[in-house]
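Presented below is the structure to which this report refers.
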Protein chains: 2
Amino acid sequence: MKINAQQLLKEKNIRITANRILILESFLKSSYSLSIADIEESLPWADRATIFRTLMTFKEKALLHTIKDDDKALKYALCSDACQVNHHHIHPHFHCDICSKTYCLTQYEFPTPDLPENFKASNYSLIINGICSNCQ
Amino acid sequence: MKINAQQLLKEKNIRITANRILILESFLKSSYSLSIADIEESLPWADRATIFRTLMTFKEKALLHTIKDDDKALKYALCSDACQVNHHHIHPHFHCDICSKTYCLTQYEFPTPDLPENFKASNYSLIINGICSNCQ
DNA sequence: TATTATATGCAATCTAATTGCAAATGAGAA
DNA sequence: TTCTCATTTGCAATTAGATTGCATATAATA
């Protein structure tokens, strides 16, 4: 793991606890976004409410953002540096209809559409559905 | 009302009932998308399960599509003709952070981003957050 | 008008999210 | 190092929204 979870927490002024380190490490290790249930599965001793509140905290501190894909459960993914600089950012995500994984495509920017008169955009969230490279 | 709900149901091969006519009319009248709760409010005598199943049917028959915005409840909106021709379409939606209404911007197309190698897209769903013209 | 598949209403269930509260713990002060 | 106190945690309970089962009612067509 290149990026140190503990250090990242300190940088973000988040109190360091075992739970938080392990939950953050789950995200650092994963190439796709995770739901509360995903985290419960990888850390079976952890309490759902604690995971939930940890994710809330991480989101407030702009360490994570949420994604609503076609699955029932909300997913969470690490914010890139771009996210962290600017809270009003563009988020393309790819949801695989087969394995149901959702990938955060922060490096793939897209041009924003025009809007009707007097509509002011602050944030764009794009969900692309399809089939990922693993499931072809 | 320009478009006739009853006729629309017939075209789509959906059995005509009082419930379905009134629910469909709610959508024809509305300039924004509706949740189950919204419909319950405007048709207080209607049963939630019936509304739910009606919306399922409408979605299956490509009369409606669903939108997951920042609200908890799922929203539904009429499909445009474009939707109906091609099931793999592009959906820009605008969610107002103040009044919480979500508008379907079918006329506002956007260019699709490039994807990583071997990722095949079939559907794009864009949620734009911001402030609508009514709330400026 | 009779028949039959489909739609409805009601109550119950499910799933995921969310909260309350007392006990445990982290981080800075002494 | 130990003390102090705000913060975090674990457990149980609750909420919100979605979804289902089943008996009855109804639409469409013969």
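Just so it is clear, the structure is predicted and the values come from calculations on it, not from any experiment.
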Could you tell me whether B:Phe27 atom CZ has more than 12 heavy atoms of other residues or ligands within 6.0 Å of it?
->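 Yes, because the 6.0 Å sphere around CZ of B:Phe27 holds more than 12 heavy atoms from other groups.
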B:Glu11, CD: over 12 other non-hydrogen atoms inside 6.0 angstrom = yes
Over how many whole Å does the gap from B:Asp71 atom CG to D:dA18 atom C1' extend?
-> 16 Å
Distance in angstrom units between A:Ile36 CD1 and D:dG10 P, rounded = 14 Å
With sequence neighbours left out, what residues match B:Thr17 under side-chain hydrogen bond (donor to acceptor under 3.5 Å, both in side chains)?
-> none
By a strict heavy-atom criterion of less than 4.0 Å, which residues belonging to residues 43-56 of chain B are in contact with DNA chain C?
->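 Contacting residues: B:Asp47, B:Ala49, B:Thr50, B:Arg53, B:Thr54.
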I'd like a table of donor-acceptor pairs (distance under 3.5 Å, sequence neighbours excluded) in which one partner is a side-chain atom from residues 48-55 of chain B, with atom names and distances.
residue	atom	partner	partner atom	Å
B:Arg48	NE	B:Glu40	OE2	3.4
B:Thr54	OG1	B:Thr50	O	2.7

Using a heavy-atom cut-off of 4.0 Å to chain A, what are the terminal contacting nucleotides of DNA chain C, in 5' to 3' order?
->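 Here the contact window of chain A covers C:dA16 to C:dA27.
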Using ring pair (Phe, Tyr, Trp, His ring centres under 6.0 Å) as the criterion, list what pairs up with A:His93, not counting sequence neighbours.
->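 With sequence neighbours excluded, A:His93 shows a ring pair (Phe, Tyr, Trp, His ring centres under 6.0 Å) to A:His65, A:His91, given in chain and number order.
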Ring pair (Phe, Tyr, Trp, His ring centres under 6.0 Å) filter on A:Phe119, not counting sequence neighbours, yields B:Phe94, B:Tyr103
So, do B:Lys10 and B:Leu8 sit near enough that their side-chain heavy atoms are less than 4.5 Å apart?
->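 Contact flag for B:Lys10/B:Leu8 side chains = no.
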Backbone N/O of B:Thr102 and side chain of B:Ser33: donor-acceptor pair under 3.5 Å | yes
A:Lys68 side-chain N/O to B:Asp69 backbone N/O, donor-acceptor pair under 3.5 Å |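 A pair under 3.5 Å: yes.
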For DNA chain D, whose closest nucleotide is more 5', that of B:Lys72 or that of B:Thr17?
-> B:Lys72
Could you tell me which residues satisfy side chain to side chain contact (heavy atoms under 4.5 Å, CB included) with [X], sequence neighbours excluded, listed by chain and number?
X        : answer
A:Thr57  : A:Ile14, A:Arg20, A:Lys61
B:Glu117 : none
A:Ser42  : A:Ser26

Enumerate donor-acceptor pairs with a distance under 3.5 Å from any side-chain N or O in residues 127-136 of chain B to protein atoms, sequence neighbours excluded.
residue	atom	partner	partner atom	Å
B:Gln136	NE2	A:Asn118	O	2.6
B:Gln136	NE2	B:Ile131	O	3.3

Every protein N/O lying under 3.5 Å from an N/O of nucleotides 2-7 of chain D:
residue	atom	partner	partner atom	Å
D:dT7	O4'	A:Arg15	NH1	2.6

Angle of first-five versus last-five pair axes in the helix from C:dT1-D:dA30 to C:dA30-D:dT1, to 10 degrees | 30°
Is there a side-chain polar atom (N or O) of A:Asn19 under 4.0 Å from OP1 or OP2 of D:dG10?
->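 Yes.
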